[in-house]
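What follows is a single structure, written as C-alpha coordinates, with notes after it.
Just so we're on the same page: letters track the sequence lines, and every chain starts at 1.
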There are 2 protein chains.
Amino acid sequence: MNSIADPIEFARALSDRTRQEIMKLCCCEWRSVGELADELDVTQPTVSHHLAFLRDANLVHIRPEGRKTFYALNQDAVASCCGVLMLNYAPDVKEPT
Amino acid sequence: MNSIADPIEFARALSDRTRQEIMKLCCCEWRSVGELADELDVTQPTVSHHLAFLRDANLVHIRPEGRKTFYALNQDAVASCCGVLMLNYAPDVKEPT
DNA sequence: TAAATATATAGACGAGCATCTATGAATAGC
DNA sequence: GCTATTCATAGATGCTCGTCTATATATTTA
(Lines give C-alpha, C1' and ligand atoms only; values in the text may rest on other atoms or scores of the structure.)
Protein backbone atom coordinates (compact mmCIF):
# COMPACT_ATOMS: atom_id res chain seq x y z
CA MET A 1 0.00 0.00 0.00
CA ASN A 2 2.71 2.42 0.93
CA SER A 3 5.10 3.57 -1.74
CA ILE A 4 8.54 2.09 -1.42
CA ALA A 5 10.59 4.01 1.08
CA ASP A 6 13.18 6.07 -0.76
CA PRO A 7 15.96 6.95 1.69
CA ILE A 8 16.97 10.04 -0.25
CA GLU A 9 13.50 11.53 -0.52
CA PHE A 10 12.94 10.72 3.13
CA ALA A 11 16.15 12.46 4.15
CA ARG A 12 15.33 15.47 2.00
CA ALA A 13 11.97 15.75 3.69
CA LEU A 14 13.69 15.81 7.08
CA SER A 15 16.52 18.09 6.02
CA ASP A 16 14.66 21.30 6.74
CA ARG A 17 14.03 22.67 10.22
CA THR A 18 10.56 23.99 9.46
CA ARG A 19 9.47 20.65 8.06
CA GLN A 20 10.70 18.79 11.12
CA GLU A 21 8.81 21.23 13.32
CA ILE A 22 5.68 20.63 11.29
CA MET A 23 6.20 16.90 11.67
CA LYS A 24 6.58 17.25 15.39
CA LEU A 25 3.42 19.35 15.70
CA CYS A 26 1.27 16.88 13.79
CA CYS A 27 3.03 13.77 15.03
CA CYS A 28 0.33 12.61 17.41
CA GLU A 29 -2.71 14.68 16.54
CA TRP A 30 -4.48 16.17 13.57
CA ARG A 31 -3.56 19.79 12.85
CA SER A 32 -5.02 22.29 10.43
CA VAL A 33 -2.80 24.36 8.17
CA GLY A 34 -3.74 27.53 10.01
CA GLU A 35 -2.86 26.04 13.39
CA LEU A 36 0.54 25.04 12.11
CA ALA A 37 1.19 28.45 10.59
CA ASP A 38 0.25 30.13 13.86
CA GLU A 39 2.74 28.13 15.88
CA LEU A 40 5.54 28.23 13.34
CA ASP A 41 6.55 31.83 12.66
CA VAL A 42 6.19 31.30 8.92
CA THR A 43 3.38 32.27 6.57
CA GLN A 44 0.49 30.02 5.63
CA PRO A 45 1.72 29.52 2.04
CA THR A 46 5.06 28.37 3.39
CA VAL A 47 3.34 25.80 5.57
CA SER A 48 1.25 24.64 2.62
CA HIS A 49 4.41 24.33 0.56
CA HIS A 50 6.07 22.11 3.16
CA LEU A 51 2.93 20.05 3.65
CA ALA A 52 2.84 19.41 -0.08
CA PHE A 53 6.41 18.18 0.13
CA LEU A 54 5.57 15.87 3.04
CA ARG A 55 2.48 14.67 1.22
CA ASP A 56 4.45 13.81 -1.91
CA ALA A 57 6.86 11.87 0.28
CA ASN A 58 3.91 9.99 1.80
CA LEU A 59 4.87 11.23 5.25
CA VAL A 60 1.50 12.72 6.25
CA HIS A 61 -2.11 11.68 6.33
CA ILE A 62 -4.69 14.19 5.07
CA ARG A 63 -8.27 14.73 6.14
CA PRO A 64 -10.20 17.59 4.49
CA GLU A 65 -13.06 18.78 6.65
CA GLY A 66 -15.14 21.71 5.47
CA ARG A 67 -12.93 24.66 4.75
CA LYS A 68 -10.12 23.22 6.78
CA THR A 69 -7.65 20.53 5.96
CA PHE A 70 -6.15 18.49 8.75
CA TYR A 71 -2.79 16.77 8.58
CA ALA A 72 -1.25 14.08 10.75
CA LEU A 73 2.18 12.53 10.57
CA ASN A 74 2.43 9.09 8.98
CA GLN A 75 4.41 7.40 11.73
CA ASP A 76 4.45 4.08 9.95
CA ALA A 77 6.21 5.62 6.97
CA VAL A 78 8.77 7.19 9.25
CA ALA A 79 9.41 3.89 10.96
CA SER A 80 9.68 2.13 7.62
CA CYS A 81 12.19 4.62 6.26
CA CYS A 82 14.25 4.50 9.44
CA GLY A 83 14.29 0.74 9.09
CA VAL A 84 15.67 1.03 5.58
CA LEU A 85 18.35 3.44 6.80
CA MET A 86 19.32 1.05 9.56
CA LEU A 87 19.57 -1.85 7.14
CA ASN A 88 21.66 0.17 4.73
CA TYR A 89 23.93 2.09 7.04
CA ALA A 90 23.99 0.33 10.39
CA PRO A 91 23.83 -3.37 9.51
CA ASP A 92 26.35 -4.39 12.15
CA VAL A 93 24.82 -2.52 15.07
CA LYS A 94 23.20 -4.81 17.63
CA GLU A 95 19.97 -3.78 19.30
CA PRO A 96 19.22 -1.95 21.42
CA THR A 97 20.66 1.33 20.23
CA MET B 1 32.04 10.75 23.46
CA ASN B 2 29.85 11.19 20.41
CA SER B 3 28.35 14.57 19.76
CA ILE B 4 24.64 14.75 20.36
CA ALA B 5 22.72 13.46 17.38
CA ASP B 6 21.11 16.38 15.57
CA PRO B 7 18.23 15.08 13.44
CA ILE B 8 18.44 17.97 11.01
CA GLU B 9 22.17 17.74 10.38
CA PHE B 10 21.79 13.97 10.06
CA ALA B 11 19.01 14.34 7.50
CA ARG B 12 20.96 16.92 5.57
CA ALA B 13 23.91 14.58 5.39
CA LEU B 14 21.66 11.89 3.92
CA SER B 15 19.76 14.23 1.61
CA ASP B 16 22.24 13.92 -1.26
CA ARG B 17 22.53 10.90 -3.51
CA THR B 18 26.30 11.05 -3.84
CA ARG B 19 26.73 11.17 -0.08
CA GLN B 20 24.48 8.16 0.43
CA GLU B 21 26.48 6.28 -2.17
CA ILE B 22 29.69 7.19 -0.37
CA MET B 23 28.14 5.97 2.87
CA LYS B 24 27.15 2.70 1.28
CA LEU B 25 30.62 2.14 -0.16
CA CYS B 26 32.39 2.70 3.14
CA CYS B 27 29.67 1.18 5.31
CA CYS B 28 31.47 -2.04 6.14
CA GLU B 29 35.05 -1.48 5.07
CA TRP B 30 37.70 1.21 4.98
CA ARG B 31 37.91 3.06 1.67
CA SER B 32 40.43 5.61 0.41
CA VAL B 33 39.30 8.83 -1.21
CA GLY B 34 40.65 7.72 -4.56
CA GLU B 35 38.78 4.43 -4.43
CA LEU B 36 35.54 6.24 -3.74
CA ALA B 37 36.10 8.72 -6.55
CA ASP B 38 36.81 5.88 -8.98
CA GLU B 39 33.54 4.14 -8.23
CA LEU B 40 31.40 7.25 -8.06
CA ASP B 41 31.55 9.09 -11.36
CA VAL B 42 32.46 12.33 -9.61
CA THR B 43 35.80 14.04 -9.23
CA GLN B 44 38.12 13.55 -6.30
CA PRO B 45 37.52 17.07 -4.91
CA THR B 46 33.81 16.41 -4.92
CA VAL B 47 34.34 13.24 -2.90
CA SER B 48 36.58 15.12 -0.48
CA HIS B 49 33.91 17.77 -0.13
CA HIS B 50 31.26 15.23 0.78
CA LEU B 51 33.59 13.39 3.13
CA ALA B 52 34.23 16.67 4.93
CA PHE B 53 30.49 17.06 5.32
CA LEU B 54 30.11 13.55 6.70
CA ARG B 55 33.08 14.09 8.99
CA ASP B 56 31.60 17.29 10.41
CA ALA B 57 28.39 15.36 11.05
CA ASN B 58 30.40 12.69 12.87
CA LEU B 59 29.16 10.07 10.44
CA VAL B 60 32.53 8.66 9.36
CA HIS B 61 35.66 7.36 11.00
CA ILE B 62 39.00 8.51 9.57
CA ARG B 63 42.34 6.71 9.40
CA PRO B 64 45.22 8.49 7.65
CA GLU B 65 47.84 6.06 6.40
CA GLY B 66 50.78 7.38 4.46
CA ARG B 67 49.62 9.36 1.49
CA LYS B 68 46.18 7.87 1.66
CA THR B 69 43.29 8.57 3.97
CA PHE B 70 40.79 5.85 4.69
CA TYR B 71 37.20 6.45 5.69
CA ALA B 72 34.64 4.11 7.20
CA LEU B 73 31.02 4.77 8.04
CA ASN B 74 30.19 5.39 11.69
CA GLN B 75 27.35 2.91 12.01
CA ASP B 76 26.80 3.69 15.66
CA ALA B 77 26.11 7.32 14.85
CA VAL B 78 23.64 6.29 12.16
CA ALA B 79 21.85 3.99 14.57
CA SER B 80 21.78 6.69 17.22
CA CYS B 81 20.31 9.25 14.85
CA CYS B 82 17.72 6.81 13.58
CA GLY B 83 16.78 6.13 17.17
CA VAL B 84 16.21 9.83 17.75
CA LEU B 85 14.06 10.03 14.63
CA MET B 86 12.00 7.09 15.76
CA LEU B 87 11.47 8.62 19.19
CA ASN B 88 10.47 11.95 17.69
CA TYR B 89 8.39 10.90 14.73
CA ALA B 90 7.24 7.34 15.30
CA PRO B 91 6.60 7.13 19.04
CA ASP B 92 3.46 5.06 18.66
CA VAL B 93 4.83 2.43 16.28
CA LYS B 94 5.34 -0.95 17.88
CA GLU B 95 8.33 -3.08 16.99
CA PRO B 96 9.08 -4.78 14.79
CA THR B 97 8.81 -2.43 11.84
C1' DT C 1 -25.87 35.27 -4.21
C1' DA C 2 -22.42 37.82 -1.65
C1' DA C 3 -19.00 37.98 1.84
C1' DA C 4 -15.78 35.79 4.81
C1' DT C 5 -12.70 32.09 5.86
C1' DA C 6 -9.26 28.42 4.81
C1' DT C 7 -6.09 26.46 1.82
C1' DA C 8 -3.48 25.88 -2.49
C1' DT C 9 -0.89 27.69 -6.28
C1' DA C 10 2.06 30.92 -9.04
C1' DG C 11 5.85 33.76 -9.45
C1' DA C 12 9.91 36.14 -7.65
C1' DC C 13 13.97 36.54 -4.97
C1' DG C 14 17.95 35.43 -2.27
C1' DA C 15 20.68 31.99 0.06
C1' DG C 16 22.71 27.58 0.02
C1' DC C 17 24.71 23.73 -2.24
C1' DA C 18 26.78 20.26 -5.54
C1' DT C 19 30.00 20.20 -8.82
C1' DC C 20 33.91 21.49 -11.43
C1' DT C 21 38.93 23.28 -12.37
C1' DA C 22 43.05 24.91 -10.41
C1' DT C 23 46.15 24.73 -6.84
C1' DG C 24 48.24 23.90 -2.25
C1' DA C 25 50.02 20.54 1.23
C1' DA C 26 51.74 16.27 2.72
C1' DT C 27 53.91 11.81 2.03
C1' DA C 28 56.53 7.96 -0.32
C1' DG C 29 60.12 6.42 -3.31
C1' DC C 30 64.04 7.05 -6.22
C1' DG D 1 66.33 16.83 -2.63
C1' DC D 2 63.25 15.85 -6.58
C1' DT D 3 59.30 13.74 -8.50
C1' DA D 4 55.05 11.39 -8.30
C1' DT D 5 51.02 10.45 -5.75
C1' DT D 6 47.19 11.41 -2.73
C1' DC D 7 44.12 14.34 -0.55
C1' DA D 8 42.32 18.97 0.92
C1' DT D 9 41.16 23.66 -0.09
C1' DA D 10 39.85 27.83 -2.81
C1' DG D 11 37.11 29.96 -6.06
C1' DA D 12 33.59 29.96 -9.70
C1' DT D 13 29.21 28.54 -11.62
C1' DG D 14 24.70 26.86 -12.22
C1' DC D 15 20.89 24.87 -10.01
C1' DT D 16 17.88 23.87 -6.09
C1' DC D 17 15.21 25.35 -2.38
C1' DG D 18 12.91 28.06 1.39
C1' DT D 19 10.43 32.00 1.89
C1' DC D 20 7.62 35.72 0.69
C1' DT D 21 3.56 38.43 -1.66
C1' DA D 22 -0.25 38.12 -4.62
C1' DT D 23 -3.90 35.56 -6.24
C1' DA D 24 -6.95 31.62 -7.30
C1' DT D 25 -10.03 27.97 -5.48
C1' DA D 26 -13.22 25.97 -2.37
C1' DT D 27 -16.43 26.07 1.43
C1' DT D 28 -19.40 28.02 4.98
C1' DT D 29 -22.63 31.46 6.46
C1' DA D 30 -25.62 35.35 6.29
Side-chain angles (χ1 to χ4, degrees), chain A residues 6-27 29-74 81 89, chain B residues 6-27 29-74 81 89:
Chain A
D6 175 12
I8 295 173
E9 189 181 16
F10 175 64
R12 286 181 22 150
L14 296 186
S15 68
D16 179 75
R17 181 170 306 275
T18 301
R19 271 196 296 270
Q20 285 212 21
E21 288 175 354
I22 289 174
M23 291 172 64
K24 201 163 296 187
L25 285 174
C26 68
C27 176
E29 52 183 336
W30 293 91
R31 298 291 198 125
S32 71
V33 179
E35 281 176 348
L36 295 171
D38 287 342
E39 306 194 33
L40 282 182
D41 209 33
V42 290
T43 64
Q44 172 269 315
T46 296
V47 173
S48 277
H49 166 77
H50 288 304
L51 288 170
F53 195 111
L54 295 173
R55 168 166 38 84
D56 292 343
N58 192 39
L59 286 175
V60 286
H61 300 294
I62 311 179
R63 194 189 64 193
E65 198 168 312
R67 300 186 275 210
K68 297 189 177 180
T69 304
F70 291 89
Y71 289 81
L73 187 61
N74 183 350
C81 289
Y89 305 121
Chain B
D6 175 14
I8 296 173
E9 188 181 16
F10 175 65
R12 286 179 24 138
L14 297 186
S15 68
D16 180 76
R17 181 171 306 275
T18 301
R19 272 198 295 271
Q20 284 210 23
E21 288 176 353
I22 290 174
M23 291 173 62
K24 202 162 295 186
L25 285 173
C26 67
C27 176
E29 52 182 337
W30 292 92
R31 298 292 197 124
S32 71
V33 179
E35 283 176 346
L36 295 171
D38 286 343
E39 306 194 32
L40 282 182
D41 209 35
V42 289
T43 64
Q44 172 268 315
T46 296
V47 173
S48 278
H49 167 77
H50 287 303
L51 287 170
F53 195 112
L54 295 173
R55 168 166 38 83
D56 292 344
N58 191 38
L59 286 175
V60 286
H61 300 293
I62 311 179
R63 194 189 65 193
E65 197 167 315
R67 299 186 274 207
K68 298 189 177 180
T69 305
F70 291 89
Y71 289 81
L73 186 62
N74 183 352
C81 289
Y89 305 121

Smallest heavy-atom separation, A:A57 atom then A:E9 atom, equals CA-OE2, 3.6 Å
Rounded to the nearest Å, what distance is computed from the CD1 atom of residue A:I62 to the P atom of nucleotide C:dA6? 19 Å
Given D:dA8, is OP1 or OP2 found less than 4.0 Å from the side-chain N or O atoms of B:Y71? yes
Can you check the A:L51 CG to D:dG18 P distance for me, whole Å? 13 Å
Output all residues satisfying side chain to side chain contact (heavy atoms under 4.5 Å, CB included) with A:E21, sequence neighbours left out; order by chain, then residue number. A:R17, A:L40
Find the distance A:L54:CG to D:dG18:C1' and express it as a whole number of Å. 13 Å
Taking all heavy atoms of A:R12 and all of B:S15, pick out the closest pair and write down the distance. CG-O, 3.3 Å
To the nearest 0.5 angstrom, please state how far the CG atom of A:L25 sits from the CG atom of A:L73. 10.5 Å
How many whole angstroms separate atom CD of B:E9 from atom P of C:dG16? 16 Å
Expressed as a whole number of angstroms, how long is the span from A:L40:CG to D:dC20:C1'? 16 Å
Identify, between A:K68 and A:R55, the residue whose nearest nucleotide on DNA chain C lies closer to the 5' end. A:K68
Rounding to 10 degrees, work out the angle separating the end axes of the helix from C:dT1-D:dA30 to C:dC30-D:dG1 (five pairs an end). 20°
Nearest heavy atoms of A:P7 and B:Q20, plus distance in Å: O-NE2, 3.3 Å
From CG of A:L36 over to P of D:dT19, roughly how many Å is that when rounded to an integer? 14 Å
B:R31 has an atom CZ; how far is it from atom P of D:dT6, in whole Å? 16 Å
Between C1' of C:dA8 and CD1 of A:I22, the distance in whole Å: 14 Å
Tell me what A:S48 touches on the nucleic acid: a base, only sugar-phosphate, or nothing, going by heavy atoms under 4.0 Å. base
Could I get the full list of side chain to side chain contact (heavy atoms under 4.5 Å, CB included) partners for B:R63, not counting sequence neighbours? B:W30, B:E65, B:F70
Could you pull out all residues at least two apart from B:E35 that satisfy side-chain hydrogen bond (donor to acceptor under 3.5 Å, both in side chains)? none
Nucleotide-resolved protein contact map, nucleotides 18-28 of chain C, B/S/- at heavy-atom distance under 4.0 Å: SBBBB----BB
Does any part of the side chain of A:M23, heavy atoms only, come nearer than 4.5 Å to the side chain of A:L14, both counted from C-beta? yes
List the atom pairs, with distances to 0.1 Å, where a side-chain N or O of residues 45-55 of chain B and a protein N or O form a donor-acceptor pair under 3.5 Å, not counting sequence neighbours.
{"residue": "B:T46", "atom": "OG1", "partner": "B:T43", "partner atom": "OG1", "Å": "3.1"}
{"residue": "B:S48", "atom": "OG", "partner": "B:Q44", "partner atom": "NE2", "Å": "3.1"}
{"residue": "B:H50", "atom": "ND1", "partner": "B:R19", "partner atom": "NH1", "Å": "3.1"}

